[in-house]
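Written out below as structure tokens is the structure these notes cover.
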Amino acid sequence: MADSNNPKNEKETRRDFIRDIVAEDCKTGKWQGRVHTRFPPEPNGYLHIGHAKSICLNFGIAADFNGKCNLRFDDTNPEKEEQEYVDSIIEDVKWLGWDWEDRLYFASDYFDQMYEWAVDLVKKGKAFVCDLTADEVTQYRGTLTQPGKNSPYRDRGIEENLDLFTRMKNGEFPDGSKTLRAKIDMAHANLNMRDPIMYRILHAGHHRTGDKWCIYPTYDWAHGLEDSIEQITHSICTLEFENHRPLYDWYLDALGIYHPRQIEFARLNLTYTVMSKRKLLKLVQDGFVKGWNDPRMPTLSGMRRRGYSPEAIRSFCAIIGVNKFNSTIDMALLEHCLREDLNKTSHRVMAVLKPLKVVVDNYPQGQVEQLDAINNPEDPSAGTRKVPFGRELYIEQDDFMENPPAKFYRLSPGREVRLRYAYFIKCVNAVKDSSGNIVQLHCTYDPATKGGDAPDGRKVKSTIHWLSAPNALSAEVRLYNNLFTKENPDDAPEGKDFTTNLNPKSLEVLTNCFVEPTLKDVKLLSRYQFERLGYFCVDSDSTKDKLVFNRTVTLRDEWAKIQKQQTQR
RNA sequence: UGGGGUAUAGUGUAAUGGUAGCACAACUGACUCUGGAUCAGUUAGUCUAGGUCCGAAUCCUAGUACCCCAGCCA
């Protein structure tokens with residue numbers, strides 16, 4: 001099989017307003033034809049599907065225009081960042097199929113250079129050390145409608161500023177006692193321009209620089225410098241940074257250094273889930289899910305464990321487009337992209353989730369036949385396999401109804417159906433327990449229909465899946481549904497938050513399932529289609545003794561729709 | 001009440017003054033040894049009001065609605 005996880009093999013993505021800008025720049029030679037982007041996560045959480053949009057945009061543009069894309073950790077806040085997150089982010093971007101070659105960078109590697117530049121600004125009289133407390137800074141900043149006022153420390157002499165800033169770096173002052181601020185305009189209509197803070201004092205250990213630093217640069221000061229150092233051409237970020245662009249530009253102009261162009265796009269929203277790191281962290285910390293990689297989470301690690309393929313996520317990112325206004329994409333579109341990929345690539349296999357025992361009365365006792373089954377009708381090269389058939393079978397409880405309603409085509413008393421790849425069977429009797437539950441079926445088979453075709457040409461309304469009872473492997477299957485019951489989880493009553501909309505049925509564990517003996521030695525995370533049920537993958541909890549599968553997504557289900565319509569009447 | 005953004009079917013996205021197209025969803029139908037897949041079709045849209053123009057989603061004017069900004073977070 002070709003290298004399917006190399007995005008460069010995929011057909012070119014469609015144009016969007018950012019690609020238009022990049023194409024124009026290439027035409028005019030603005031960057032000498034170079035295209036260099038970056039994906040700059042802060043290592044303070046796990047990556048989610050929203051990040052995938054940004055990753056595919058940045059790496060995708062680089063791929064489309066024969067450019068480069070760096071992976072850069074924006075690790076300027078030691079209080080929130082951890083190595084665990086760095087590791088997971090590296091794993092996730094790689095899994096998504098992107099390659100940054102040798103360009104793995106950390107903002108913290110630039111701290112010395114950033115410090116030099118800050119000294120530069122102080123020397124130019126464009127930055128000053130401020131002794132205001134955090135509260136005072138807020139007060140002096142003014143409001144949306146009222147201008148701020150100058151800090152009393154704004155007009156300190158350059159020498160004094162230099163001395164104070166050096167001593168800040170040397171650790172002579174306690175946390176929060178001083179900041180370095182840019183000298184811009186306290187009356188500016190854009191609050192970000194009201195003498196923004198460049199450095200704060202933080203006596204905190206950093207996951208990479210240890211205790212070398214006790215002053216740390218703020219995002220606004222640091223980010224443009226990082227882009228400049230890496231000679232980024234197009235610095236792509238999300239909409240909320242639009243208000244920060246004037247500051248991004250101001251710093252670079254004040255320093256007179258290489259100056260990339262910042263372009264903003266709208267972040268991804270999806271129905272029935274949440275996408276902010278803060279909310280995802282809450283789900284993890286408060287135990288609403290079992291971890292960052294819980295298969296119900298929209299994190300890349302969760303989706304990977306759930307059975308999503310990187311190809312499906314990439315095609316989703318390509319199809320949703322890029323723009324500048326807020327939108328919420330229907331989860332159904334993500335699932336469409338998922339099924340589209342899984343349908344092409346997944347081996348089919350039979351599994352029974354809620355078993356109902358069937359005895360084929362006229363099948364010889366003790367006889368076992370090996371029947372041929374197709375591995376993937378979408379891919380003949382996947383070949384065939386043998387599945388054992390015998391007198392005692394399991395079928396799905398849902399595939400039998402004693403009193404079938406209209407349009408129910410499956411098994412019922414007196415009705416004949418086909419067992420996939422096997423025989424036609426007809427139900428003669430349903431055995432019930434004392435409380436009236438159907439516990440077993442007696443059927444007869446037609447030996448002439450071996451393989452599934454009737455020589456007399458008679459038709460059957462449906463084909464159902466089955467398993468030979470003595471040969472089936474038992475398994476646990478975890479069914480997942482939307483994590484939230486509302487399209488917009490934030491739509492909560494006064495005083496409640498998004499967690500009130502958590503779906504109590506987001507996880508259903510089935511412990512009495514059976515699968516084909518073919519699945520005896522499956523690899524973790526491998527993906528299958530359980531015929532007529534959906535796509536499933538081997539969970540990381542699975543062992544040789546106890547198989548565990550996750551339902552990635554169901555197949556489209558006409559019958560479920562009909563049932564829904566019938567019950568609504 | 002300041003500044004910065006944005007409005008196209010239910011959802012998402014094209015059309016860059018010249019027939020409003022595509023995808024998802026929904027609904028028909030065909031086909032089918034997965035009620036899967038596939039194929040064919042249907043429904044449905046330019047925020048509002050004026051204006052310019054032979055012609056406006058696109059240009060102009062005035063409104064309306066929504067998003068972002070008052071962290072020493074990113």
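Just so we're on the same page: letters track the sequence lines, and every chain starts at 1.
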*asked:* Please report the distance separating the P of B:A37 from the corresponding atom of B:A25, rounded so that it comes out in whole Å.
replied: 9 Å

*Is there a donor-acceptor pair closer than 3.5 Å between any side-chain N or O of A:R420 and the backbone N or O of A:A373?*
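No; judged by distance alone, with no hydrogens or angles, the pair does not exist.
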
_Side-chain donor/acceptor contact of A:R410 with base of B:G35 under 3.5 Å_ =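 Result: at least one qualifying N/O pair found.
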
*hbond_proxy A:E378 side chain to B:G36 base (donor-acceptor, 3.5 Å cutoff)*: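 Between B:G36 and A:E378, which were checked side chain against base, a qualifying N/O pair under 3.5 Å is present.
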
Please write out each protein N/O paired with an N/O of nucleotides 21-24 of chain B under 3.5 Å, distance rounded to 0.1 Å.
none

With a cut-off of 3.5 Å and sequence neighbours excluded, list every side-chain donor-acceptor pair involving residues 325-337 of chain A.
residue	atom	partner	partner atom	Å
A:D330	OD1	A:A332	N	3.0

*Should the heavy atoms of other residues, nucleotides or ligands under 6.0 Å from NZ of A:K324 be counted, would the total exceed 12?*
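Check passes, neighbour count above 12.
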
*A:K426, NZ atom: more than 12 neighbouring heavy atoms under 6.0 Å*: no

*Does A:Q563 put a side-chain nitrogen or oxygen below 4.0 Å from OP1 or OP2 of B:G35?*
no

*Partners passing ring pair (Phe, Tyr, Trp, His ring centres under 6.0 Å) against A:Y105 (at least two apart in sequence or in another chain)*: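 For A:Y105 there are no ring pair (Phe, Tyr, Trp, His ring centres under 6.0 Å) partners, ignoring immediate neighbours.
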
Using a 4.0 Å heavy-atom cut-off, does [X] contact any base of the nucleic acid, only the sugar-phosphate backbone, or nothing at all?
{"X": "A:R418", "answer": "base"}
{"X": "A:P377", "answer": "base"}
{"X": "A:F408", "answer": "base"}
{"X": "A:Q146", "answer": "nothing"}
{"X": "A:E242", "answer": "sugar-phosphate"}
{"X": "A:R348", "answer": "base"}

*Going 5' to 3' through nucleotides 63-74 of chain B, assign each nucleotide B (protein heavy atom under 4.0 Å from a base atom), S (under 4.0 Å only from sugar-phosphate atoms) or - (no protein heavy atom that close).*
----SBBBSBSB

Which distance, rounded to the nearest 0.5 Å, do you find between the [atom1] of [X] and the [atom2] of [Y]?
{"X": "A:Y528", "Y": "A:L342", "atom1": "OH", "atom2": "CG", "result": "12.5 Å"}
{"X": "A:F241", "Y": "A:I236", "atom1": "CZ", "atom2": "CD1", "result": "14.0 Å"}
{"X": "A:T37", "Y": "A:D227", "atom1": "OG1", "atom2": "CG", "result": "10.0 Å"}

Rounded off to whole Å, could you give me the [atom1]-to-[atom2] distance for the [X] and [N] pair?
{"X": "A:Y272", "N": "B:A25", "atom1": "OH", "atom2": "C1'", "answer": "12 Å"}
{"X": "A:R532", "N": "B:U32", "atom1": "CZ", "atom2": "P", "answer": "18 Å"}
{"X": "A:W250", "N": "B:G3", "atom1": "CH2", "atom2": "P", "answer": "23 Å"}
{"X": "A:D16", "N": "B:U16", "atom1": "CG", "atom2": "C1'", "answer": "15 Å"}
{"X": "A:E396", "N": "B:U34", "atom1": "CD", "atom2": "P", "answer": "17 Å"}
{"X": "A:K564", "N": "B:G35", "atom1": "NZ", "atom2": "P", "answer": "20 Å"}
{"X": "A:N343", "N": "B:G36", "atom1": "CG", "atom2": "P", "answer": "11 Å"}
{"X": "A:E558", "N": "B:C31", "atom1": "CD", "atom2": "P", "answer": "15 Å"}

Nearest of [options] to any side-chain atom of [X]?
{"X": "A:K561", "options": "B:G35, B:C27, B:U8", "answer": "B:C27"}
{"X": "A:D20", "options": "B:G36, B:U6, B:U16", "answer": "B:U16"}
{"X": "A:T145", "options": "B:U1, B:G35, B:G12", "answer": "B:U1"}
{"X": "A:K324", "options": "B:G36, B:U34, B:U6", "answer": "B:U6"}

*State the dot-bracket string of RNA chain B. Criteria: Watson-Crick or G-U wobble, both atom distances under 3.5 angstrom; notation: ( ) intrastrand, [ ] crossing earlier pairs, | interstrand, . unpaired.*
.((((((..((((....[..)))).(((((.......)))))....(((((..]....))))))))))).....

*asked:* Do A:Y110 and A:E226 have side chains that approach each other closer than 4.5 Å (heavy atoms only, starting at C-beta)?
replied: yes

*A:Y423 vs A:R418 side-chain heavy atoms within contact, under 4.5 Å*: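 No; the side chains remain at least 4.5 Å from each other.
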
*asked:* Closest-nucleotide mapping onto RNA chain B: is A:R245 or A:I562 further toward the 5' terminus? I mean the 5' end.
replied: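 Result of the comparison: A:R245.
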
*side-chain contact (heavy atoms from CB on, under 4.5 Å) against A:Q563, all qualifying residues, sequence neighbours excluded*: A:W559

*Evaluate whether the aromatic ring of A:Y409 and the six-membered ring of the B:G35 base sit under 5.5 Å apart, centre to centre, with an inclination under 30°.*
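Here A:Y409 meets both the 5.5 Å and the 30° conditions.
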
